Protein chains: 2
Amino acid sequence: MKERPYSSLDSYIQQYKLEDLFPASFRQHMKVAPFEKGETLFSDGDELEELYFLVEGKIKIFTLTPEGKSLINRFKRPLAVIGDVEYVKGSPVLNSVEAVTEGVMISAPFSHLNELEKEHPSFIRFLLDTVAHKFYTESHTTSMHMLYPVEVRLASYLLSISSVGEGTVFHQEMRTSNLIELAEWIGTSYRHLNRVLKKMASEDVVEKTNGSVTIKDLEKLRTLAKGNIYE
Amino acid sequence: MKERPYSSLDSYIQQYKLEDLFPASFRQHMKVAPFEKGETLFSDGDELEELYFLVEGKIKIFTLTPEGKSLINRFKRPLAVIGDVEYVKGSPVLNSVEAVTEGVMISAPFSHLNELEKEHPSFIRFLLDTVAHKFYTESHTTSMHMLYPVEVRLASYLLSISSVGEGTVFHQEMRTSNLIELAEWIGTSYRHLNRVLKKMASEDVVEKTNGSVTIKDLEKLRTLAKGNIYE
DNA sequence: CCCAATTAAGGACATATGTCCTTTCGAAAG
DNA sequence: CTTTCGAAAGGACATATGTCCTTAATTGGG
């Protein structure tokens, strides 16, 4: 997985079935841009000139306040679109974006997208689908955050990363690299997350072993989540 | 203003300059639907069949939890689009909608919109603009709610309803009909809102006289809002 | 003008969450 | 094996906010 040379534009387009979206004649305007782990890709307030597609790696989208607090809006894996809302509204970047792993984006300049819109209306439909979906999840997450305490959100998060196969509980890779990030993701402080985790552990809902969290009682977890689930 | 007969479909279309969006041939599929104050227009989970345009009156969009808590997502005045995300995603209604005043909606069936999309791609662009804007404001509001305490959000709200004209502060009609609604709007309890208002009053930032709130010190308010402003 | 029915305001207490700091633990270096 | 350092956990306290209930204010009806 390491050091694998990044594919070319065309192979990414093929991989993600974007052929119809970007006709061959348009691809000359597009670029391939690798990035490093931890790199700041976009900052709140930047003026964007291109639309980006995440084709490899993982990024996080978050808000920073002047006071230094940060709130993670969401994590993204391929295929994700960055800059769609900015393109449509012509406004500066709404949230900051940082690379969680190394990865690759491909990009297309706004200026050429206007032409593409005219020639290939399906591109507008694609954007519409993308933005509608973003709105949907954002709206859902917001309600959860506003209406339920951390315990419910945490339970919901844990459910979202566990999959149930024939009665066995597998816990997938945590979508957050550590507990600090998890805290920012569910919108609380690290301290408080710890507190809630400990409580859950004392009730045998989860088990904490050196930094990693394992689900022990899926049913109790479901009760705690009150039917909510992230995304 | 009362009892004024509602206009016809065509006059609404003209009034809001929707002629290009809905060609004459399409309008036979559209309907005019008046509603009463307080009426529940849509409920969380409903299956929507039509796209609606609010052309008269004021509505509120909110989330209800099984436990009975409610969170107001936003208020809408004409021209507003309802059901866009549901149309695009084909999913059930995300939030409940209630009429704050009497008013009128005009509607177009989803089934016919598909054809419209093909013949008039500008309609897709219109939806894209609409949804992108929704996302933008939603995202902004979410960050505020998650990152700042009620005092900041309240200050920000008060700023948003006051307009400054040549050094004089006018406070517009409160967009919420009462303090309870305001509490739901900024995402807190009525009790707590009262507490914060009282504190602001004691610092001469606002004045409370029988239920209505008047801004006394715009500068202090700006400081409290920390540069944030709703919408 | 007075009273009942509402609506607004506020007191008391409980809970959720944040902040700061100390302690503990485990892994990597020496 | 010991040291050291950073990550992880947790204690103590402060603040924000919620819940429940009581009191005060307001307004339409008689």
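All figures in this text were calculated on a predicted structure; none of them were measured in a lab.
- A straight line from CZ of R191(A) to C1' of dT24(C) spans 14 Å, rounded to a whole angstrom.
- For Y52(A) and F42(A), the ring centers are positioned less than 6.0 Å apart.
- L193(B) has its CG atom 9 Å from the P atom of dA9(C), to the nearest Å.
- Listed here is the closest heavy atom pair of L51(B) and D84(B): CD1-N, 3.5 Å.
- Both tests pass for K89(A) against the ring of Y136(B): distance under 6.0 Å to the centre and angle within 45° of the axis.
- Protein atom CG of L147(A) is 11 Å distant from nucleotide atom P of dG18(D), rounded to whole Å.
- Look at CD on E151(A): it is 8 Å from P on dA16(C), rounded to the nearest Å.
- The distance from atom NE2 of H192(A) to atom C1' of dG10(D) is 14 Å, rounded to the nearest whole Å.
- One atom, CE of M146(B), and another, C1' of dT17(C), lie 11 Å apart when rounded to the nearest Å.
- Remark: S189(A) is not in phosphate contact with dT19(C), judged by side-chain N or O atoms under 4.0 Å from OP1 or OP2.
- If you measure from atom NZ of K198(B) to atom C1' of dA24(D), you get 12 Å, rounded to the nearest angstrom.
- When the P atom of dT19(C) is taken as reference, atom CD1 of I180(A) falls 14 Å away, rounded to whole Å.
- Using modelled atom types and a 3.5 Å distance limit, the side chains of N73(B) and T63(B) yield a donor-acceptor pair.
- At the phosphate of dA9(C), OP1 or OP2 sits under 4.0 Å from a side-chain N or O atom of Y190(B).
- In the interface, the side chain of R195(B) is not paired with the base of dG11(C) through any donor and acceptor atom under 3.5 Å apart.
- Contact annotation: T188(B) side-chain N/O to dG18(D) OP1/OP2 distance is under 4.0 Å.
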